[in-house]
Amino acid sequence: MSKGDLREGRVARLLVGGPPFIFLLIFFVGPSLIMILTSFRFPGEFGGLAPIAAPAASAESEHGFTPEAYQFFFSDLLYGEIFFKSFAMAAATTFICLILAYPLAVLIARSEKRFRNLLVLLVVLPFASNFLIRIYAWMIILGPESALSQFINAILGVFGIGPVTLLFSPFAVLVGMVYVHLPFMVLPLYTNLEKHDPALLNAAQDLGANGWQRFWQITWPLSLPGVFSGSALVFIPVLGMFAVPDILGGTGDILIGNLIKDQFLGTRDWPFGSALSIMLTLAVLSVAALATWLARPATGQQG
Amino acid sequence: MKRNNTWLWSAAALVYAFLYIPLAIVVVYSFNDSRLNAEWVGFTLSWYKALFNNAEMLTAAGNSLIIALSASFSATVLGTMAGLAIHRYNLKVLPVLVFTPVAMPEILLGVSLLLFFLQVLNLTLGMVSIIIAHTTFCIGFVAIIVRARLQDMDESLFEAARDLGASPWQTFRLVTLPLIMPAVVAGALMSFTLSIDDFVITFFTKGVGEPILPIQIYTMIKVAVTPEVNAISTLLMLLTLVMIIIAAKLDAHASSRDAKTSS
Amino acid sequence: MLFMAGCTRSDERAAIPNKDRNVLHLFNWNNYISTETIRRFEKSCDCRLSQDYYSDNEEMLAKLAAGASGYDLIVPTSNAMDTLIRQGALKPLDKSLLPNLKNIDPSYLDTPFDPGNKYSVPYAYTISLLGFNQEKIKELGLPTDTWAIIFEPRYLEKIKGRVTVLDSQRELMAAALKYLGYSINDADEKHWKEAADLIVRAKPYWAAFSNTSYIKELATGNLWVAHGYSNDMFQAALDAKKTGRSFTIGYSTPNEGAVLALDSMVLHRSGKSPDLAHQFVNFMLEGKNSADLTNLLGSGNPNTEAMQYVQPEIAANKAIFPSRESLARLEMLRDLDRKQRRLLSRLWTEIKLR
């Protein structure tokens, strides 16, 4: 690379990376700093935040900065337990989304070019309707009088297993979570699979590889970047979700998203809510780092 | 290959069914002559009539469309740039900036953006503040998809273009962009649906006196789920479908022209 | 500047453009004023009523606590109003502009958190009570006049999985505290633990915590008992009747007492049109306008002049308009201080997780 190329590279880098960098620096880092500060403050007596400077004659007794919110978090295993439960739910959702999305993404990627966009559109279209109304539709499908419930219970009845309720259960939460996040898995998978050269598969077939071998040795490894991005786009948002467990969950279905929401819209404990979110973000980033580290040799091979 | 395809088709059909069965319920009950979304009573268009007589709701839908289109446009442009930059240059900070908003619970993003707009920027809340907020959380989604597309892409293509004397802009326009187009389209679609349906962040960043669709719908549902909401949802899907088909027609026109010139 | 976040001394920012001078900005629950009433008001004042909605008091409080401004009027529930008053977020009322205030039943005036009604005028109220499938409950021989039906396993085992309770820390704790014979505002940690134990013991029998879906589930027959708001039960009963169910939905206030949620009209400090706001408050205090809301939603009405316009079957409903002695057993929630809020939140998390 010549000197001129290098300079050109730097200019291009600035032109391409600069605008999103500046936008996020202002509109994401700015608010985030506020929240980090918030997590080290006292909640206001009546909500909001307690002042930093000592008030002259007000009801606010505490002021300034404190690690109290973090101490509170670590003072009880309760919160760790919810974290664990939420990560398990996120992992299960991601896994099921992957299983459901993969054949769909492969089909779209291998279909004729003029149909591809239509098939993608069909995946996204349901999501132009209102989120809550879709969840309420699941209430109908999973309800005790629904065809699905009665069908499942009729089958279980044959084996002498008592009737199960689908609605208001961890199962219902999982179904709702998968439903809501499925497109986030399909789209990155499809965009990745779409560029694979079918000649590769044909060549493998000529060499006598069966369908299963072709999948595991060619399609799957090549699609790993799509799998990882899709998993990130499902796994992470599941952790912040509160509406699905609120509506479809039973009496024990509380996830980290509910807990955080409660701090802002319930307990009015912004510092603890911020601290919880920061712990969550840190946990997510470490999972992401771990995944990247684990994925390194796999993606490296194809280089 | 054929047998494989049948298997694939049936698996995919099942997944499409999974996606569309709840939707079918939403659409069917929007024509149901009962306030209760519970069983079929009779056909009616009264929910749609009520909707078209509801000026506030129509204004809200218009506002939301403007917001969703602007936010998804800016998020797609910035997100594509970010995805390219992260892929091409070995950047350390940008990936964190791009991906962390995805990991941030929306309630936190909503409250912190509100504090930031009011207390730091001294901004008057309005459509602009909502568009900025939506763009912030959509960028990451676009960037992640674009980057997944670029990974393992054959670098020799870009080099060949450069060797042929193409400027960076020409390389981008004629080589990179067409290659990543499916990801860009997917990202735009995703941003649009995220934006048109977001309650929490919209609630916190909206100003006084302008109705926004998700706010109308969510606060209405909290009181009662009426078929009027099903009707809005149905119309919204229809509108999205029409818009996307028009966009696809335009795009097909453009790309067939491109194909001719490049072959 | 950043650090003002909590104080909510609403600074007078963002001058409203001229064309908006005759607009009254109301921050309200959705569907909490009838369109007829709005039309009449807009005609009488030659102005425009513009509404912003919240679906929960806490959403409204959070938004205002972050410094949002420009709202003339808000309609908070008692404990949220308690908060707003203590934060200094409200403008005092000018009573000389509210001649119709005389229409309000004195039992709803002079509340503990706004003595002398310096800031607030009652708008409507609901009671947190029990809704039930009348035929089913009779068939099972269960009582409907006591919280025991949602707390005592001996009753619950007959209706397991057919009960929901409100998904609200304060509401559910209030019901449990009342059942144990304490005040809903009792903040004694020992009593809270007792209430939490009661809840944890009953929880396995409940289907879910639910804040809205119980309306429909009661009306479809999936649920037999629900802890919820009186106006929602009114809706459920109406829905069941309209769809011609074989059962009816009843609702009654437990004898132990319950939560009275009084929604009031208050003026936010940041409002630009206090005159118009007063005009609106006075307008809503007219009997007919106030009655519209009750007829629409089945909410309780503190306005004595309104009663003549209220549909007779609503007016006769003891669960909506409680008798004097029943009213005496109702309490309004007070706000908790930050330590109590954090403690309750932890208890709540524990309840949900166990």
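In what follows, chains carry the letters A, B, and so on, assigned in the order in which the sequence lines appear, proteins first and then strands, with residues in each chain numbered from 1. The analysis underlying the following values was restricted to heavy atoms, covering all of them including side chains, and did not include hydrogens, waters or symmetry mates. No experiment lies behind these values; they were computed from the predicted model shown.
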Is there a donor-acceptor contact under 3.5 Å from the side chain of B/R149 to the main chain of A/T191?
-> yes
Contacting region of B/I25 [heavy-atom separation from chain A under 4.5 Å] | side chain
Is it true that a side-chain atom of B/D197 and a backbone atom of A/N130 form a donor plus acceptor pair closer than 3.5 Å?
-> no
Measure the acute angle between the ring planes of B/F18 and A/W138, then classify it against the limits of 30° and 60° as parallel, tilted or perpendicular.
-> tilted
Checking heavy atoms, do the side chain of A/I140, its backbone, both or neither come under 4.5 Å from chain B?
-> side chain
Against chain B, label A/L182 side chain, backbone, both or neither, depending on which of its atoms sit under 4.5 Å from a heavy atom there.
-> side chain
With only heavy atoms counted, which part of A/L280 is less than 4.5 Å from chain B, the side chain, the backbone, both or neither?
-> side chain
Under 4.5 Å, counting heavy-atom pairs only, tell me which of A/F28, A/F127, A/F131 racks up the most with chain B.
-> A/F28
Hey, which of A/P19, A/G273, A/A105, A/G226 has the most heavy atom pairs under 4.5 Å with chain B?
-> A/P19
For residues B/L23 and A/S129, report the shortest heavy-atom separation together with the two atoms involved.
-> CD1-OG, 3.8 Å
Which residues in residues 255-264 of chain A have a heavy atom less than 4.5 Å from any heavy atom of chain B?
-> A/I260, A/K261, A/F264
Using heavy atoms and a sub-4.5 Å threshold, report which of residues 119-126 of chain A line up against chain B, by residue number.
-> A/L119, A/V120, A/L121, A/L122, A/V123, A/V124, A/L125, A/P126
Residue pair A/A137 / B/P22: nearest heavy atoms and the distance that separates them = CB-O, 3.5 Å
Residue B/I107 versus chain A: region with a heavy atom under 4.5 Å = side chain
B/F141 vs A/F184 aromatic rings, parallel, tilted or perpendicular, using cut-offs 30° and 60°?
-> tilted
Side chains of B/M190 and A/L187: does their closest heavy-atom pair fall under 4.5 Å?
-> yes
Give the member of A/S229, A/A101, A/P188 that has the highest number of heavy-atom pairs under 4.5 Å with chain B.
-> A/S229
